[in-house]
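What you are looking at is a predicted structure, and each value in this text was computed from that prediction instead of being measured. What's counted below: heavy atoms across the whole structure, side chains too, no hydrogens, waters or symmetry copies.
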Amino acid sequence: MTFPPPPLVVPDVVLHAAAWTDVDGAEEDPQGAAAVNVGGTAHVAGLSVPLVYFSTDYVFDGHKREPYLESDPPNPQSAYARSKLHGEAAAGERAWIVRSSGLFAPTGTNFVRTMLELGAERGEVAVVDDQRTAPTYALHLAQATRGLLDRPFGVYHLAADGDCTWAEFAAAIFEEAGIGCRVRPITTKDLGRPAPRPAYSVLRSEKDAPRLPHWREGLRACLDRLR
Ligand SMILES: NC(=O)c1ccc[n+]([C@@H]2O[C@H](COP(=O)([O-])OP(=O)(O)OC[C@H]3O[C@@H](n4cnc5c(N)ncnc54)[C@H](OP(=O)(O)O)[C@@H]3O)[C@@H](O)[C@H]2O)c1
């Protein structure tokens, strides 16, 4: 019988943010998304180390018109969202499940960086105005996640304060960055993406979770870093 070699380092906690995040691509390959988001999470949970699993506002169907709380029943509408919800279960008992929304940062591919690029090239961009969420600055999420580690394991909603549509967020990005690009509001139907998205996915915590600053404060902090 052969045994795997012991790990060189036993971490105190694992921050598991890796995921299949191609929401539309998951509709074409739900098994691929599940392999990463469920199977991958099960592998990480197999380390038997306390785990932070980053999950998503998309686990909700978006039918509510007031913020989703941890006790609200999930009802995922897309293959990506189903895989993330099953990933929550795969994270096991010794896990903090962190649901967040609309992440942006000075690095990586995200809505803020995409808008800055498009705004520099074009006089107008078309952006959906019928999906309401709370765009969350990754640094604020990281700080709140640090604060969570003193709390019991379980599901927590950690998202920016306030809410807006993606069109409102795009307009705020151009305003804060001093870019003279117009935002043309369109509908989700106009955009015609394969995967459904919740029309409303604002998250709030009914637990003693760390509070995050308002999304506009996050946007200003992100733009400061980019400058
Ligand atoms: N973006 C959002 O608005 C949002 C909202 C709520 C929750 N979340 C969750 O937050 C987390 C981070 O999201 P993000 O937008 O920052 O994601 P991202 O930019 O797409 O990054 C995902 C990371 O996962 C890695 N990854 C993908 N498949 C992998 C595999 N099979 N093995 C190892 N690594 C793999 C990628 O590695 P490579 O770079 O090598 O491809 C990448 O570094 C995810 O769990 C996501 O579900 C995101």
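With Y156 as the aromatic partner, K207 meets the cation-pi criteria of under 6.0 angstrom to the ring centre and within 45 degrees of the ring axis.
V98 and F60 fall into different hydrophobic clusters, defined by Ile, Leu, Val, Met, Phe, Trp and Tyr side-chain heavy atoms under 4.5 Å apart, directly or through other members. When hydrophobic clusters are built by joining Ile, Leu, Val, Met, Phe, Trp and Tyr residues whose side-chain heavy atoms come closer than 4.5 Å, directly or via intermediates, M115 is grouped together with V183. A single hydrophobic cluster is seen to contain both V125 and L223, as judged by linkage of ILVMFWY side chains at heavy-atom distances under 4.5 Å, directly or through other members. One hydrophobic cluster, built from ILVMFWY side chains closer than 4.5 Å, cannot hold both V36 and Y58; they sit in different ones. Hydrophobic clustering keeps L149 apart from V49 (ILVMFWY residues linked when any side-chain heavy atoms are closer than 4.5 Å, directly or through intermediates).
Under the 4.5 Å side-chain criterion, counting only non-hydrogen atoms from C-beta, V52 is in contact with T145. The shortest side-chain heavy-atom distance between R211 and L158 does not fall under the 4.5 Å cut-off. Between R82 and P30 there is no side-chain heavy-atom pair separated by less than 4.5 Å. Counting heavy atoms from C-beta outward, P213 and Y137 have side chains that stay 4.5 Å or more apart. Contact check for E28 versus P194: no side-chain heavy atoms found under the 4.5 Å cut-off. Using a 4.5 Å heavy-atom cutoff, the side chains of H86 and N37 are not in contact. F54 is not listed as a side-chain neighbour of I97, based on a closest heavy-atom distance of 4.5 Å or more. Counting heavy atoms from C-beta on, the side chains of F153 and P50 come closer than 4.5 Å.
T188 OG1 to R197 CZ: the interatomic distance, rounded to the nearest 0.5 Å, is 8.5 Å. Within the model, atoms CG of L203 and OG of S101 stand 5.0 Å from one another, a figure rounded to the nearest 0.5 Å. With rounding to the nearest 0.5 Å, the separation of CG in L51 from OG1 in T41 is 7.5 Å. Summarising the geometry, atom CH2 belonging to W166 is positioned 13.5 Å from atom CD1 belonging to I186; distances are rounded to the nearest 0.5 Å. Atoms CG and CG, on L219 and D224 in that order, are 9.5 Å from each other to the nearest 0.5 Å. To the nearest 0.5 Å, the span separating CG on L148 from CD on Q143 amounts to 13.5 Å.
Nearest heavy atoms, H157 versus E70: N-OE2, 3.0 Å. When all heavy atoms of L116 and A177 are compared, the pair lying nearest together is CD2-CB, 3.8 Å. The two residues S71 and E206 come nearest to each other via the heavy atoms N-OE2, 2.6 Å. In this structure, Q77 and P196 approach most closely via the heavy-atom pair O-CG, 3.1 Å. Heavy atoms only, all atoms of each residue included: R225 and P106 are closest at CB-CG, 3.7 Å. The minimum heavy-atom distance between G119 and I179, with the atom names listed, is O-CG2, 3.5 Å.
Put simply, the side chain of W96 gets close to the backbone of R151: a donor and an acceptor are under 3.5 Å apart. Judged by distance alone, with hydrogens and angles left aside, the side-chain atoms of R94 form a donor-acceptor pair with the main-chain N or O of S48 at under 3.5 Å. Using modelled atom types, one side-chain atom of Y53 and one backbone atom of K84 make a donor-acceptor pair closer than 3.5 Å. Remark: side-chain polar atoms of S83 are paired, donor with acceptor, to backbone N or O of Y80 under 3.5 angstrom. When atom types are taken as modelled, the side chain of H214 and the backbone of A160 share no donor-acceptor pair closer than 3.5 angstrom. A donor-acceptor contact shorter than 3.5 Å links the side chain of T136 to the backbone of A134.
With 3.5 Å as the limit, one finds no donor-acceptor pair spanning the side chains of Y200 and D61.
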* To do: Go through the steps to decide whether V128 and T187 satisfy the test side-chain contact (heavy atoms from CB on, under 4.5 Å), and finish with yes or no.
  => CA-CA 5 Å; V128 288; T187 65; over 6 Å; no
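When T133, D129, D130 are each tested for a side chain to side chain donor-acceptor pair (under 3.5 Å) with T165, only one passes: D129. Just one of K64, R204, R99 meets the salt bridge (charged side-chain N to carboxylate O under 4.0 Å, His left out) condition when paired with D72; it is K64. With respect to F111, the ring pair (Phe, Tyr, Trp, His ring centres under 6.0 Å) criterion is satisfied by exactly one of F169, W215, F104: F169.
More than 12 heavy atoms of other shown residues, nucleotides or ligands fall within 6.0 angstrom of atom CD in E124.
Look at D57 and R132 and you find no salt bridge, because none of the NZ, NE, NH1 or NH2 atoms lies under 4.0 Å from a carboxylate O.
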